[in-house]
Amino acid sequence: MLYNVGNGDVFGFKLTEQKNRQSGEKDTKLTKWLGKFERSWNYAKQNYHQKWENNWKLYRNIRVKRSHDGVVQTFVPMVNSAVNTIVAELFNSNPLVNYVPNHPDQEADTKVLNEIYADFALRDNWVQKNKVNGRQGLITGNFCAFYEWIEDRDGGYVHKINIPIRDMIIDPSSSSYEDWRYVGRRFFADKKSLEEETIYDFNTGSYKKRYKNLDEVISGGKDEDDDKSKKDQMIGSIDDNKDRVELIEIWTKKHVVVIANRSTIIEERENPHYALAKSQQAQRKAEAQLKGEEISEDDKVEGLLPFAHGRIYADISLPYGDSDVDIIADQQELLNELTELNIEALLYTLYPEKTLDPKFSEWIDDMEPAPGKIYPLPQGAMSWNNPPAIPNGISQERLNIKDEIRESSAISRISKGASATGSTTATEIKNMLGQMDSRIQEKAQTLANEFFFQEAKIVLKLIQLYAPEQMWVRTLGDAKVSFDEVNPRRFLGEYTPMITLDIQRKLQRSEEQEAYTQAYQILIQDPTNNLPALKKIMFRKMFPDLTQEEIEQIITPPEQPEQGQQGQLPQGEEVTPQDTELPLQEAMAGDQMEGNKYGY
């Protein structure tokens, strides 16, 4: 028969061949994209995973390097204190962002953009997210976040998702975010939520199911090497979730791929930000042609990678950064060792060891010391051993190590409320605080120039792509909340964000106030200077929180009563006699002249 070839029919053979070819293509794609994840994972595992794990343990007061296995186990929480102190300094508020146009034909008044960023940060609780992410960054040296646009009735906002550094996928051949060939994240979800998730299709103008091939995904896949599982193991917790699915999401500037349980590609599509940017550019060109305007061909559409990665101490060649905990880890463990040895020596002094005659070995369990206790043993049957002597310098050495840790992590003992010693001069205290301010300011500048700079650019790009022509923006004033309708679509092209952290504003303001105060003290020494005018000018700079009206009240002298009214009393008031006190010598002289009836 015509349709039979050997033991099967022609159509069945072609169908089998097609399935095999499709299966081969699937395996090739899976190998390609999964290989990107594996290269990133293996690079970080070889060089950083153990270090990040040890740093996290030190922050949680868990020993990682014990050289003396004694009877006492203690931990001096210097790492925890240093990290939380710096987090309180750097992440107590959202950064101030000021967008600056790059070209003269761009919209120059960017107040609207600045307010939109501030409103998104308030709406999505970025202060708390920055604190959590900042704590991770100070422990590991790396800050990671993912951003997505969320629609709502006011027009939408940017949602920020913190990513554990262990689950961040970074191109290992890169040295910074500027040369990423790919980037991504690993996270977990349950199969039901994956089946329900939808996505907007710009080709059809409607929503559709986001993920495919979910019938090939088996729930219960669990990798013990993810960040949450590792930390659960270290603190003794167990989360045996049988419904979760491991997802590996990899982005390039033109494609997005999601792999489930490292076995099935459940999403493969064009980078949605890249597709929308191309569509919007084509629409602008069409509108320009209809208006007879010239079309600029210089604007090149690039896909957005909605990931930000910041580093505390960045190397010029390496993709990951280092942290302060890396620097002080060995000092922390040395301090723990010295503290344990010191406590053990004190315990041996308070509870010394004893030597007992072997003939009375049955009394060993009853040899514990107690006040007034009687030992039923003959003279010399038991003797106390000499306890070890505590070195005189061990306490001072512990203090030295603490100071070294504080100095390495930019934390001053004086700044944390500790009292200065008698030999510490005011100049030394000022220098200590000045050094701490400089180190903190350097960290703040690093954050502003890298992590928050990336964040501000991503937020602007998402606004340009997804924000409607009319949206409501909330503005917080001193006494009220106002909502303004704005058009973010008029901000086209690239804008450079200028980032300022709250700690930078405070330090700069403090330095300026100190300089103005010193200048004021110098100027008032010269009697030829106009003192009222000097006060009016300098008070505004020395006390910027005061209003002009309050300053006028301070510098205006009180009204003096007129000369003709001095000594006059208001009508209806009478002079009441008042006791007058004579000088001591006159009083004594009066007493002597007056005397008594006997002449004394």
Side-chain angles (χ1 to χ4, degrees), residues 30 32-45 48-49 52 124 126 129-130 132-137 139-150 158-174 176-177 180-190 193-194 197 199 210-211 217 221-231 241 244-269 271-274 303-311 319-321 450-451 454-455 457-459 461-462:
L30 179 63
K32 171 189 172 182
W33 291 102
L34 193 58
K36 295 181 182 295
F37 164 76
E38 290 175 346
R39 283 194 298 273
S40 173
W41 176 262
N42 292 333
Y43 177 85
K45 184 177 182 180
Y48 296 98
H49 282 185
W52 296 338
D124 201 42
W126 287 3
K129 292 182 178 182
N130 288 340
V132 175
N133 201 8
R135 192 167 286 111
Q136 169 187 247
I139 293 172
T140 67
N142 297 271
F143 310 84
C144 306
F146 171 77
Y147 304 85
E148 60 183 356
W149 182 264
I150 302 295
V158 175
H159 177 52
K160 179 178 181 177
I161 301 174
N162 289 334
I163 305 175
I165 181 59
R166 193 183 185 93
D167 296 334
M168 181 80 171
I169 303 171
I170 295 178
D171 179 6
S173 62
S174 64
S176 73
Y177 70 94
W180 283 342
R181 292 180 303 172
Y182 65 90
V183 66
R185 59 176 178 148
R186 180 174 67 157
F187 62 103
F188 295 85
D190 61 271
S193 64
L194 296 177
E197 188 164 347
I199 193 171
R210 177 174 180 178
Y211 298 112
V217 178
K222 183 170 183 178
D223 189 341
E224 300 296 336
D225 281 337
D226 68 284
D227 187 75
K228 185 180 187 309
S229 298
K230 274 290 182 183
K231 291 177 178 177
N241 185 357
R244 78 175 193 166
V245 177
E246 180 199 35
L247 300 177
I248 296 172
E249 183 178 85
I250 300 176
W251 289 64
T252 68
K253 292 185 176 181
K254 293 186 177 181
H255 298 92
V256 178
V257 171
V258 179
I259 303 172
N261 287 341
R262 309 191 189 187
S263 60
T264 306
I265 294 179
I266 61 173
E267 182 180 38
E268 182 183 11
R269 57 174 172 147
N271 183 324
H273 310 314
Y274 175 65
L304 173 66
L305 298 176
F307 293 85
H309 174 223
R311 299 165 291 179
Y320 296 100
E450 190 171 40
F451 180 77
Q454 296 173 59
E455 177 178 277
K457 295 196 74 171
I458 292 171
V459 169
K461 196 66 177 178
L462 292 175

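Side chains are part of it too, since the values below use all heavy atoms of this structure and drop only hydrogens, waters and symmetry mates. It should be emphasised that the depicted structure is a prediction, and the values quoted were computed from it without experimental measurement. This chain uses plain numbering: 1 for the first residue, then up along the sequence.
- Across all non-hydrogen atoms, the minimal contact from P319 to R311 is O-CD, 3.5 Å.
- Here NZ of K160 is found 6.5 Å from CH2 of W126. Values are rounded to the nearest 0.5 Å.
- Looking at W52 and I165, their side chains come closer than 4.5 Å, going by heavy atoms from C-beta outward.
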Intermediate values then yes/no, side chain to side chain contact (heavy atoms under 4.5 Å, CB included), R186 and D227
CA-CA 10 Å; R186 180 174 67 157; D227 187 75; over 6 Å; no
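- In this view, Q136 and N133 satisfy the side chain to side chain donor-acceptor pair (under 3.5 Å) rule, not counting sequence neighbours.
- E249 is not listed as a side-chain neighbour of I169, based on a closest heavy-atom distance of 4.5 Å or more.
- The two residues D171 and R181 make their nearest non-hydrogen contact at OD2-NE, 3.0 Å.
- Using modelled atom types, no side-chain atom of N271 and backbone atom of W251 make a donor-acceptor pair closer than 3.5 Å.
- Checked against salt bridge (Lys or Arg N to Asp or Glu O under 4.0 Å), R39 has no partners two or more places apart in sequence or in another chain.
- Between P306 and H273, the closest heavy-atom pair is CG-NE2, 4.0 Å.
- Between I250 and W33, the shortest heavy-atom distance links the atoms CD1-O, 3.1 Å.
- Using a 4.5 Å cut-off on side-chain heavy atoms (C-beta onward), W180 and I170 make contact.
- Across all their heavy atoms, G321 and N142 have their closest contact at N-OD1, 3.0 Å.
- In this structure, F307 and I163 have side chains that are in contact, with non-hydrogen atoms separated by less than 4.5 Å.
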Between E267 and I199, does the side chain to side chain contact (heavy atoms under 4.5 Å, CB included) criterion hold? Intermediate values first, please.
CA-CA 11 Å; E267 182 180 38; I199 193 171; 4.2 Å; yes
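- When each of I248, I266, V245 is tested with N261 by the rule side chain to side chain contact (heavy atoms under 4.5 Å, CB included), just one qualifies, namely V245.
- Of all heavy-atom pairs between F451 and A145, the closest is CZ-CB, 4.0 Å.
- In this structure the side chain of E268 reaches within 4.5 angstrom of the side chain of V257, judged on heavy atoms.
- H159 pairs by the side chain to side chain contact (heavy atoms under 4.5 Å, CB included) definition with D124, K129, E148, I150, Y157, I161, not counting sequence neighbours.
- We find the OH-CG distance between Y211 and L247 to be 6.0 Å, quoted to the nearest 0.5 Å.
- Between the CD atom of E450 and the CZ atom of F143 there is a distance of 9.5 Å, given to the nearest 0.5 Å.
- With rounding to the nearest 0.5 angstrom, the NE2 atom of H255 is 9.0 Å from the OH atom of Y274.
- Within the model, atoms CH2 of W149 and NZ of K461 stand 14.0 Å from one another, a figure rounded to the nearest 0.5 Å.
- In this structure, CZ in R262 is found 11.5 Å from CG in L30, a value given to the nearest 0.5 Å.
- Checked by atom type and distance alone, the side chain of Y182 pairs as donor or acceptor with a backbone atom of K36 at under 3.5 Å.
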